[in-house]
Each structure stands twice: as structure tokens, then as C-alpha cells.
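Single-structure report; data block below.
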2 protein chains.
Amino acid sequence: MLSIGKLSAATGVKVPTIRYYEEIGLLPEAERSAGNQRLYGVMAQERLAFIRHSRDLGFSLDDIRELLSLSDRPDMSCAAADVIATRQLVSIKDRIMRLQSLQQELERMLTQCAQGTISDCKVIEALSNHECCLHTHHGEV
Amino acid sequence: MLSIGKLSAATGVKVPTIRYYEEIGLLPEAERSAGNQRLYGVMAQERLAFIRHSRDLGFSLDDIRELLSLSDRPDMSCAAADVIATRQLVSIKDRIMRLQSLQQELERMLTQCAQGTISDCKVIEALSNHECCLHTHHGEV
DNA sequence: TCTTGAACCTCTAGTTGCTAGAGATCCTAT
DNA sequence: ATAGGATCTCTAGCAACTAGAGGTTCAAGA
């Protein structure tokens, strides 16, 4: 059995984050030692690694909750898991496109700036009026 | 003079967000009508448009605070503004690269999945053990 | 002029995914 | 036996808003 600190070292998930995952029900309540400290077995470690990896791939905790409950039902069709992963892929592609348009806009601003004073700085000017944008970009990135 | 609703419509910034910006000092305190309702002039509208556009480009409110204070000093060198914009550009490029590696990973997961049951779903499997990743991906995206 | 209803006001609390700190307790190594 | 690191619970804070309650003001139609 691992203490929370060892589990943290083993999975790369910080100690308060592990407690947080337990609090929101993503991890089951841990066993406790005689002195009330959390103890983890192999199952918990695997589950946490799953969460960690999914987070690395950008899944939301809600998505992960669903993926975890799917992984607990091995006989089910994996279509639902594919839906979640595909949704995530679409959202990542979308964010990449948005970010690329922002990148272009920023590069344009910076190449036009002649390093003079604020009054003729193209960066500040470009921020002041959206009209001079080549692209429209709205919503979060 | 514009009411907060008209200003919102003119700039595309939601009404509660405008009040929020005032609360955190990004916008100056608005004038008030006899009945205590906010009134905005052209200056406020321009300032809000600046904020809106900067947010669209992914700048943090702290960055925007700095950019705004620069734009109030037209005689200064614009080097500071360039530093902020360059930092933002670097961070955007970095996020794009991270997202592209996630995209590849997800695509790999999905193409390997044969649409069977969860027990042999490559998506779930890939999430379970990080070792089968082609790329290492850590940190936020 | 009155009235209705949309727009406005303030305030609190919620969102996501954690992180930081206080103050107390436990565990382990010397 | 004791020192100090690890753990416990609890509260509060971060970004950047969003939602809702409960109350006031404004503008347009009858």
C-alpha cells in the first residue's frame, strides 16, 4: 500500500490534486491507516494514471468521469468512448485553427512595428481597431 | 452617451463582463445617470474595444492592463508593447505545438479502434497506459 | 399621464481545475 | 525520546467570467 506522497511520486499527480479528485468523486475514497492517513493499492494507482494521461490529452474531468465509467464496463460497445475522443479531437483541431489565425495576426502586428514610439506602434494600433484585422477571430482559444 | 446595454451591443462585450471590467479597474468608473445607471462616452467605448480585441487575441487581463497603460503614454518607446506581444506569440506557438501532438495521439488512438467492445478498445487502452504513447506530452494546453 | 415590461442596479454564489496556507496530527529515523 | 517531514482538515484564492435573486429605472404605447 502506498501513502499519498508515494502515489503522487509514482503518477506525477500532486498530493492536493489527488485529494481533490477524491473529493469530487473521480477517485473512490481511499482506505485509511490507523492514524487516518490515506493508503492506495494498485487499482487506485491505475485509475489515477488513467486520469493523469487523459488530462494530459486535454480531456475535461467530466469527460474523464465518463471514460472511467466506460472502462469499468468491458462488455459494452466502445462507440461511446469513440464519441468522446472524437469530440475532443474536433475541439483540439478547432483550437489549433484559431490559434494559427491569432499567430498570423500577431506576426503581422509585430513585423509592421518599426520600434519607434507608442504613438506610431502598429501593435497598439492594431489592438485599437479590429477593422485592420485580416481575420476575424472570436470566442475562446 | 451610451447605456451599458448599447455599449455591449456596440462592442460585443456582455453587460456583466463590462461591469466586471470596471470592478477590477480595467475600465474607469462610469459616469452615472440621475437614476444611477452607467453612461459611457466615446473614450470608454474605444477602451473597451481595445480590451475586446486584445482578449480575442488571447492576451490575459494583466497583459491588457499593461498594454492599456502603454497606449496612454504615446511618447514612450513601443519596445515594452512588443515584448508583451512577442511573449504572447511565443506562448501561442507553444500551445499550437502541444495541441498538434495531442491531435496526432488522438488520431492514432481512434484509427486503431476497431469499434468492438470496451475490453479491446484502443482508446480506453491508450488512456490506461502512458507507455504506449508515441509522444510525451505534459503540462497544460 | 399612466402603465407595462425591458433594461438596469447590487449582491452573492457558481464555474473549472486546481493551488496555497493555517494549524493540528502522525510516522519514521536517529 | 524526539526531531522533522509527511499527512490531516479546512478555508480561501486564482482566471475570467456567468447566473441568479430581488429591487429600481427608463422608454414607449394606450
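By convention in this document, chain letters (A, B, ...) are assigned in the order of the sequence lines, proteins followed by strands, and residues within each chain are numbered from 1. This is a predicted model, so every value here is computed, not measured.
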Inset, instruction - Specify the closest pair of heavy atoms between Leu48(A) and Tyr21(A), including all atoms of both residues, with the distance to one decimal. - result: CD1-CD1, 3.8 Å
Legend entry - Range on DNA chain D touched by chain B, heavy atoms, distance below 4.0 Å: dA16(D) to dC26(D)
Inset, instruction - Can you see which heavy atom on Ile124(B) is nearest to which on Leu67(A), and at what distance? - result: CD1-O, 3.8 Å
Inset, instruction - Check which hydrophobic residues are tied to Met1(B) through side-chain heavy-atom contacts below 4.5 Å, counting indirect links as well, and list them. - result: Leu39(B)
Show me the donor-acceptor pairs, under 3.5 Å and distance only, between side chains in residues 6-20 of chain A and residues at least two apart or in other chains.
from	atom 1	to	atom 2	distance (Å)
Ser8(A)	OG	Val13(A)	O	2.7
Thr11(A)	OG1	Leu7(A)	O	2.8
Thr11(A)	OG1	Val13(A)	N	3.3

Legend entry - Residue pair Ile51(A) / Leu27(A): nearest heavy atoms and the distance that separates them: CD1-CD2, 3.9 Å
Legend entry - Selection: residues 25-50 of chain B, any non-hydrogen atom under 4.0 Å of DNA chain C: Arg32(B), Asn36(B), Gln37(B), Arg38(B)
Inset, instruction - Determine yes or no for a side-chain-to-main-chain donor-acceptor pair under 3.5 angstrom, with Ser54(A) supplying the side chain and Phe50(A) the backbone. - result: yes
Inset, instruction - Verify the neighbour count for atom CD of Gln115(A): are there more than 12 heavy atoms of other residues, nucleotides or ligands below 6.0 Å? - result: yes
Inset, instruction - Output the residues of residues 2-12 of chain A in contact with DNA chain D, where contact means a heavy atom of the residue under 4.0 Å from an atom of the strand; sort by number or write none. - result: Ser3(A), Ile4(A), Gly5(A)
Inset, instruction - On DNA chain C, reading 5' to 3', which nucleotide is the first and which the last to sit with an atom under 4.0 Å from a heavy atom of chain B, could you check? - result: dC8(C) to dT10(C)
Inset, instruction - Scan Tyr21(A) against the nucleic acid and name what it touches under 4.0 Å (heavy atoms): base, sugar-phosphate only, or nothing. - result: sugar-phosphate
Inset, instruction - Determine whether more than 12 heavy atoms belonging to other residues, nucleotides or ligands lie under 6.0 Å from atom CD of Glu31(A). - result: no
Legend entry - No-hydrogen, no-angle side-chain donor-acceptor test under 3.5 Å, Glu107(B) and Gln103(B): yes
Inset, instruction - On DNA chain C, check which nucleotide each of Glu23(B) and Val15(B) is closest to and give me the residue with the more 5' one. - result: Val15(B)
Inset, instruction - Report the C-alpha distance between Glu22(B) and Arg38(B) in whole Å, list the side-chain angles of each, state the deciding distance to 0.1 Å, and finish with yes or no for side-chain contact (heavy atoms from CB on, under 4.5 Å). - result: CA-CA 11 Å; Glu22(B) 177 179 320; Arg38(B) 288 173 180 83; 3.1 Å; yes
Legend entry - Criterion side-chain contact (heavy atoms from CB on, under 4.5 Å) on Gln112(A) and Val123(A), from CA distance to verdict: CA-CA 8 Å; Gln112(A) 283 182 6; Val123(A) 172; over 6 Å; no
Inset, instruction - Please tell me if the side chains of Leu127(B) and Met109(B) come closer than 4.5 Å, counting only heavy atoms from C-beta onward. - result: yes
Legend entry - side-chain contact (heavy atoms from CB on, under 4.5 Å) between Arg108(A) and Gln104(A), worked out: CA-CA 6 Å; Arg108(A) 204 167 60 86; Gln104(A) 279 175 39; over 6 Å; no
